[in-house]
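Okay, so here's the structure we're looking at.
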Amino acid sequence: MADPQEVLSRRVQSALGAAFGADYAETDPVIRPSQFADYQANAALALAKRLGRKPRDVAADIVAHLDVDDVCREVEISGPGFVNLTLREEWIADRAQEVLADPRVGVPRQDRQNIPIDYSAPNVAKEMHVGHLRTTVVGDALARTLEFLGHNVIRQNHIGDWGTPFGMLIEHLLDTGEHSAEAELVKSDPNAFYQAAKAKFDESEEFAARARARVVALQSGDPETLRLWRELVDLSKVYFNRIYAKLDVTLTDHDLAGESIYNDMLAPVCDELERKGIAELSDGALCVFLDGFTGREGKPVPLIVRKSDGGYGYGTTDLATVKYRVEQLKADRILYVIGAPQALHLQMVWGAARAAGWLPDDVTPFHVQIGNVLGSDGKILRTRSGEPIRLMSLLDEAVERAAKVVAETRPDLDEESRTAIAREVGIGAVKYADLSVSHDTEYTFDFDRMLALNGNTGPYLQYAAARIRSIFRKGELSPEEATGPITLTEPAERELALALLGFGSTVHLVGDSLEPHRLCGYLFDLAQTFTAFYEKCPVLKAGDGATRASRLALTAATLRTLVQGLELLGVHAPERM
RNA sequence: GCACCUGUAGCUCAGUGGAUAGAGCAUCGGACUUCUAAUCCGACGGUCGCAGGUUCGAAUCCUGCCAGGUGCACCA
């Protein structure tokens, strides 16, 4: 690995072992970025107590046993016992050269795991909202990143395609006619269809009765009812896929794993829980009570697996997902990219699954908590009239706003190019805004900020990439032709090369922590470092051929890192902006 | 009442137990005969919610309190 932190860690560990014995060879050398050097090793301070010696003496001992001549040009003890490490320019240049030549841009593969990721999960015949947007975008970034790291990612789009609402939806479909204009609304404006059905359900007792009867028919597997149900699901798929296409996410029909596929598992799940004595009847409902889960007035909170009317809720389905993902998908890790408010529910589902033996200790479920999206008023994002915002119109607005800017700044480009740029910038901005803040906190939705060319935004990163591409166009050569050799003389060149070396460890960190915003932070830092380089170091007009070749190579490596990083986030970098 | 999450610059947010807590926006001042000035540089701006504790060292770990948000039996 090209990562200096990794390399220095190993070297300092060897020194620790040599200086203090084999017991210390595994100690964390605590390598951190330093403001006084490139990196600093802080192990001496922590070890001083354990060794019963002065920190500075411990540091001196470490340095005496440290073999880093090929990596560092300066090793210095400072302060109470920090070991400051300054890298050799040649070493940095060589590593940057490796990154440039590496098809994986310095990101080693990890041991392959099976990782089902549950994300997006919209409801049939319902509009997606900003909450769906965020789980879709974050889940997709995690899927792309883990896949790139070498894992077998199994996307699980747990759509809401089953349950009591389908009684009224199917009856409404029959009333309007299967191929009517109203039915077609499910493809484009599903809420209009849903609300019409709901209104009738509330107003007409006759309709409500039909709806309830229809639910029974659906659950008992009546063929004609199932056909109508499938019709609704198919209409919804059209809507989902339009959103996914616009968003440029990787979900396809192949990834659909809705609630309905678990139907056959629900009764056996309940039976097994009952047989194992994990579930018990309470007020007519079959419930699992787990230690440590109490609600109001200290009463135990149940996980209801079978309602008193005999129906199944989402608790049962979620238990079935665990079973399915462990047994059928052979999961090593299971990711649930769903709303933060579901935390308690998931804890109970996993607790019950563990108790039932469906979730072995070596399988780790993980809740990637998605925080609410708020408007500028600090409340859940809504339109001015108080209705939930339709996702499609929100995306359209982002593209429109981007188009307005492109029209002003790039009148030289033809209409078609401007439209394409606006689409990539607008959508990229929305996605990046979702990804660049930690996923578990609420965040404030603000078009102006996410579309800004300054700051930690999608457009800023896209622009950095576009400028690099512009350099190569102007120089009439392709980035692939820029092979160096890289030599570092200017500070800005050194900074840029060093920044490039951090990509691999950052991607690994994202894969382990499941926090895409860390990649955003890295890419933003890289783009800023590049911009400083761009200001200070002419590339095409460099003084001599060797400098030009080196800077072109650094520029090419930056482009590849930015493009690859953005791709892991699901953001496309346009050729020009 | 119980549980979880959050509290960092005027605003939006980062921050791996390490030295003087960082970005962006906003404000103020500067930079365009130079590879895309939609980009850059500088300045200003902080009792890291409060109080204890652990530690050589705490925004970070622990405890208590305060404030905001969310969840807590048959919707999913």
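All values reported here derive from a predicted model rather than from experimental measurement. Below, read A as the first sequence line, B as the second, and so on, with proteins coming before strands; counting in each chain starts at 1.
Using a 4.0 Å heavy-atom distance criterion, A/Cys520 is classed as making no nucleic acid contact. Counting non-hydrogen atoms under 4.0 angstrom, A/Val437 reaches the backbone sugars and phosphates but no base. As judged by a 4.0 angstrom heavy-atom cut-off over every strand, A/Arg32 is placed among the base-contacting residues. Residue-level contact check: A/Arg306 touches neither bases nor backbone, having no heavy atom under 4.0 Å from any strand. Among the heavy atoms of the strands, none lies under 4.0 Å from A/Ser436. Backbone-only contact: A/Tyr460 has heavy atoms under 4.0 Å from sugar-phosphate atoms and none from a base. When heavy atoms are screened at a 4.0 angstrom cut-off, A/Ala285 is found touching base atoms of the nucleic acid. Residue contacts for A/Gly298: at a heavy-atom cut-off of 4.0 Å it reaches no nucleic acid atom on any strand shown. Looking at heavy-atom distances under 4.0 Å, A/His517 makes contact with sugar-phosphate atoms alone, never a base. Residue contacts for A/Gln528: at a heavy-atom cut-off of 4.0 Å it reaches the sugar-phosphate backbone alone, with no base atom in range. No contact: A/Glu408 has no heavy atom under 4.0 Å from any strand. Residue contacts shown for A/Thr441 are limited to sugar-phosphate atoms, with no base heavy atom under 4.0 Å away. Across all strands shown, A/Ala46 has heavy atoms under 4.0 Å from base atoms, whether or not it also approaches the sugar-phosphate. Contacts of A/Ala532 with the nucleic acid, taken as non-hydrogen atoms under 4.0 Å apart, are absent.
No hydrogens or angles were tested; on distance alone, a donor-acceptor pair under 3.5 Å links the side chain of A/Ser282 to the base of B/rA73. Side-chain N/O atoms of A/Asp525 and base N/O atoms of B/rA14 include no donor-acceptor pair closer than 3.5 Å. At a cut-off of 3.5 angstrom, the base of B/rA73 holds no donor-acceptor pair with the side chain of A/Ser308.
Nearest to the side-chain atoms of A/Phe36 among the listed nucleotides B/rC2, B/rA38, B/rA19 stands B/rA19. The side chain of A/Ile304 sits closest to B/rA73 out of B/rA14, B/rC13, B/rA73. When distances run from any side-chain atom of A/Ala466 to the nucleotides B/rU16, B/rU36, B/rG18, the shortest one goes to B/rU36. Looking at the side chain of A/Asn42, the nearest of the listed nucleotides B/rU6, B/rG15, B/rG18 is B/rG18. Of the candidate nucleotides B/rG18, B/rU16, B/rA73, B/rU16 has the atom nearest to the side chain of A/Arg518. When distances run from any side-chain atom of A/Thr444 to the nucleotides B/rA73, B/rC13, B/rG15, the shortest one goes to B/rC13. Among the nucleotides B/rC35, B/rC74, B/rU20, the one closest to the side chain of A/Lys307 is B/rC74. For A/Leu453, the listed nucleotide lying nearest its side chain is B/rA38; candidates were B/rA73, B/rA38, B/rU36. Distances from the side chain of A/Asp283 to the nucleotides B/rA38, B/rA73, B/rC40 place B/rA73 closest.
A straight line from CG of A/Asp448 to C1' of B/rU12 spans 13 Å, rounded to a whole angstrom. Regarding A/Asp446, its CG atom lies at a distance of 10 Å from the P atom of B/rC13, rounded to whole Å. Summarising the geometry, the separation between CD1 on A/Ile471 and C1' on B/rU34 is reported as 13 Å, rounded to the nearest angstrom. Distance CG (A/Leu523) to C1' (B/rA23): 15 Å, rounded to an integer number of Å. Rounded to an integer number of Å, the gap from CZ of A/Phe289 to C1' of B/rC72 is 13 Å.
Under a 4.0 Å N-O distance rule, the pair A/Asp57/A/Lys54 does not qualify as a salt bridge. Salt-bridge check for A/Asp202 with A/Lys198: passed, with a basic side-chain N closer than 4.0 Å to an acidic carboxylate O. Looking at A/Arg551 and A/Glu493, a side-chain N of the basic residue comes within less than 4.0 Å of a carboxylate O on the acidic one, giving a salt bridge.
Atom name P, nucleotides B/rG46 and B/rC61: the rounded distance is 25 Å, in whole Å. Taking atom P in both B/rU12 and B/rU54, one finds a spacing of 36 Å when rounded to whole Å. Between B/rG15 and B/rU6, the two P atoms lie 11 Å apart (nearest whole Å). Between B/rA21 and B/rA43, the two P atoms lie 15 Å apart (nearest whole Å). B/rC32 and B/rC41 have their P atoms separated by 15 Å, with the value rounded to a whole Å. Taking atom P in both B/rG10 and B/rU70, the straight-line distance is 26 Å, to the nearest Å. For the C1' atom pair drawn from B/rG69 and B/rG53, the interatomic distance equals 28 Å after rounding to whole Å. B/rG49 and B/rU60 have their C1' atoms separated by 15 Å, with the value rounded to a whole Å.
In this structure, A/Tyr463 forms no aromatic stack with the base of B/rA38, since the conditions of centre separation below 5.5 Å and plane angle below 30° are not both met.
The aromatic ring centroids of A/His158 and A/Tyr119 lie 6.0 Å or more from each other. For A/Tyr312 and A/Tyr314, the gap between ring centers reaches or exceeds 6.0 Å.
Between the side chains of A/Asp161 and A/Ser260, at least one donor N or O sits under 3.5 Å from an acceptor N or O. Side-chain polar atoms of A/Gln528 and A/Tyr460 form no donor-acceptor pair below 3.5 angstrom. No hydrogens or angles considered: nothing links the side chains of A/Glu76 and A/Ser78 as a donor-acceptor pair under 3.5 Å.
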Next on the checklist: Please convert RNA chain B into dot-bracket. A pair counts if it is Watson-Crick or G-U wobble with both distances under 3.5 Å; crossing pairs go in [ ] and bases paired with another strand get |.
Outcome noted: (((((((..((((....[...)))).((((.........)))).....(((((..]....))))))))))))....

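OP1 and OP2 of B/rU55 both lie 4.0 Å or more from every side-chain N or O belonging to A/Lys49. For A/Asn454, a side-chain nitrogen or oxygen approaches OP1 or OP2 of B/rC25 to under 4.0 Å. OP1 or OP2 of B/rC13 has not a single side-chain nitrogen or oxygen of A/Ser438 nearer than 4.0 Å. Between A/Arg548 and B/rC35 there is no side-chain polar atom (N or O) within less than 4.0 angstrom of OP1 or OP2. Put simply, A/Arg551 has no side-chain N or O that comes within less than 4.0 Å of OP1 or OP2 on B/rC35.
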Item to check | Steps toward side-chain contact (heavy atoms from CB on, under 4.5 Å) verdict (A/His172, A/Tyr194) | outcome: CA-CA 9 Å; A/His172 184 55; A/Tyr194 186 93; over 6 Å; no

Checklist entry - Can A/Met450 and A/Tyr432 be said to form a side-chain contact (heavy atoms from CB on, under 4.5 Å), step by step? => result CA-CA 8 Å; A/Met450 66 179 68; A/Tyr432 192 89; over 6 Å; no

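Summary of the strand contacts: A/Ser470 and A/Asn84 both lie near RNA chain B, and taking for each the nucleotide with the nearest heavy atom, the more 5' one is attributed to A/Asn84. Along RNA chain B, the nucleotide nearest A/Pro459 and the nucleotide nearest A/His158 are compared for position; the residue whose nucleotide lies closer to the 5' end is A/Pro459.
Within the model, atoms CG of A/Leu266 and CD of A/Glu259 stand 9.5 Å from one another, a figure rounded to the nearest 0.5 Å. With values rounded to the nearest 0.5 angstrom, A/Ile338 atom CD1 is found 4.5 Å from A/His367 atom NE2.
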